[in-house]
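Residues: numbered from 1 along the sequence shown. Scope of the values below: all heavy atoms of this structure, side chains included, with no hydrogens, waters or symmetry mates.
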Amino acid sequence: MSKRKKFGIAADIDQGLSDVINAVNNNTGNFRYDVVALSRIETDPENPRELKISVEDLRNGIQENDLYYQVKKQEKTELETLADTIKTKGVLNPIIIYKNFDKYRLVAGERRFLASIIAQKQDIHARILPEKPALMILRQLQWIENNERTNLSLKERLNNIRAIMDAYMQERGRQII
């Protein structure tokens, strides 16, 4: 059987367009993708990850009298490898953020965000959630992102699990002892 055309469009192209339209309709309001200035993004201070280096360290330099000087230098060295890739290839996976007053709060992609600063990029591709996710969802997204890293310490993994458990209990009005 030959493929029928609708208004001069092949059936497989017509089906592809229908699939795209349906996907957009099904996800309207869930999130959007955009390019966001790095200066408008802030890290989540409650993310259970234990990176010591901060945006301020990258922009102003790590102070030698900083208690975590050696740790921050090592983290920066590790981020520089990713920054080199970002300089040549760009950020392959967008970060995930949500609007937080006049800025955006980072949900996932802290290393890509920090490495982009090192790479002297001005902006980054981002998946923008329409609002701050519920705490349980937020912690699960952070767990998924953090767990993908091969160098995540056992302590960081346990802190992530603890954060998910705390969020779960908080949603039910109980507290973990």
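- With sequence neighbours left out, the side-chain hydrogen bond (donor to acceptor under 3.5 Å, both in side chains) criterion links Gln122 to no other residue.
- Screening residues 99-109 for salt bridge (charged side-chain N to carboxylate O under 4.0 Å, His left out), with sequence neighbours left out, gives Glu42-Arg105.
- Within 6.0 Å of NZ on Lys52 lie more than 12 heavy atoms contributed by other residues, nucleotides or ligands.
- In this structure the side chain of Arg111 reaches within 4.5 angstrom of the side chain of Leu79, judged on heavy atoms.
- Counting only residues at least two apart or on different chains, the salt bridge (charged side-chain N to carboxylate O under 4.0 Å, His left out) pairs with a member in residues 61-71 are Asp66-Lys72.
- With sequence neighbours excluded, no residue forms a salt bridge (Lys or Arg N to Asp or Glu O under 4.0 Å) with Glu75.
- Under the side-chain contact (heavy atoms from CB on, under 4.5 Å) criterion, Gln74 pairs with Glu78, not counting sequence neighbours.
- Qualifying side-chain hydrogen bond (donor to acceptor under 3.5 Å, both in side chains) partners for Asp44, counting only residues two or more places apart in sequence or in other chains: Gln142.
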Run the side chain to side chain contact (heavy atoms under 4.5 Å, CB included) test on Leu135 and Gln170 for me, step by step, so that the C-alpha distance in whole Å, both residues' side-chain angles and the decisive distance to 0.1 Å come before the verdict. CA-CA 9 Å; Leu135 187 59; Gln170 186 176 340; 3.2 Å; yes

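- Using a 4.5 Å heavy-atom cutoff, the side chains of Leu138 and Val107 are in contact.
- Across Ala119 and Ala83, no two heavy atoms sit closer than the pair CB-O, 3.7 Å.
- A search for side-chain hydrogen bond (donor to acceptor under 3.5 Å, both in side chains) contacts involving Thr43 returns nothing, not counting sequence neighbours.
- Side-chain contact check for Tyr104 versus Ile128: some heavy-atom pair is nearer than 4.5 Å.
- When each of Asp123, Leu82, Leu58, Leu38 is paired with Ser116, the side chain to side chain contact (heavy atoms under 4.5 Å, CB included) condition holds for Leu38 and for no other.
- Residues satisfying the side-chain contact (heavy atoms from CB on, under 4.5 Å) test with Gln120, not counting sequence neighbours, are none.
- Note: Glu131 CD to Asn100 CG = 12.5 Å, rounded to the nearest 0.5 Å.
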Sequence neighbours left out, cut at 3.5 Å: what donor-acceptor pairs do the side chains of residues 85-98 make with other protein atoms?
{"unit_1": "Thr88", "atom_1": "OG1", "unit_2": "Asp84", "atom_2": "O", "d": "3.3"}
{"unit_1": "Thr88", "atom_1": "OG1", "unit_2": "Thr85", "atom_2": "O", "d": "3.2"}

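- Side-chain contact between Lys76 and Ile118: present, with at least one pair of heavy atoms (C-beta onward) separated by less than 4.5 Å.
- Here Leu158 pairs with Leu154 under the side-chain contact (heavy atoms from CB on, under 4.5 Å) rule; sequence neighbours left out.
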Using the side chain to side chain contact (heavy atoms under 4.5 Å, CB included) rule, take Leu114 and Leu51 through it: C-alpha gap first, then chi angles, then the decisive distance, then the call. CA-CA 11 Å; Leu114 295 172; Leu51 262 181; 3.7 Å; yes

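- Counting heavy atoms from C-beta outward, Ile53 and Ile62 have side chains that approach closer than 4.5 Å.
- Contact annotation: the side chain of Ile161 approaches that of Met165 to within less than 4.5 Å [non-hydrogen atoms, C-beta and beyond].
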Between Lys121 and Ile117, does the side chain to side chain contact (heavy atoms under 4.5 Å, CB included) criterion hold? Intermediate values first, please. CA-CA 6 Å; Lys121 296 293 184 179; Ile117 292 171; over 6 Å; no

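- Between Gln63 and Tyr69 the shortest heavy-atom distance is O-CD1, 3.2 Å.
- For Asp34, the salt bridge (Lys or Arg N to Asp or Glu O under 4.0 Å) partners two or more places apart in sequence, or in a different chain, are Arg32.
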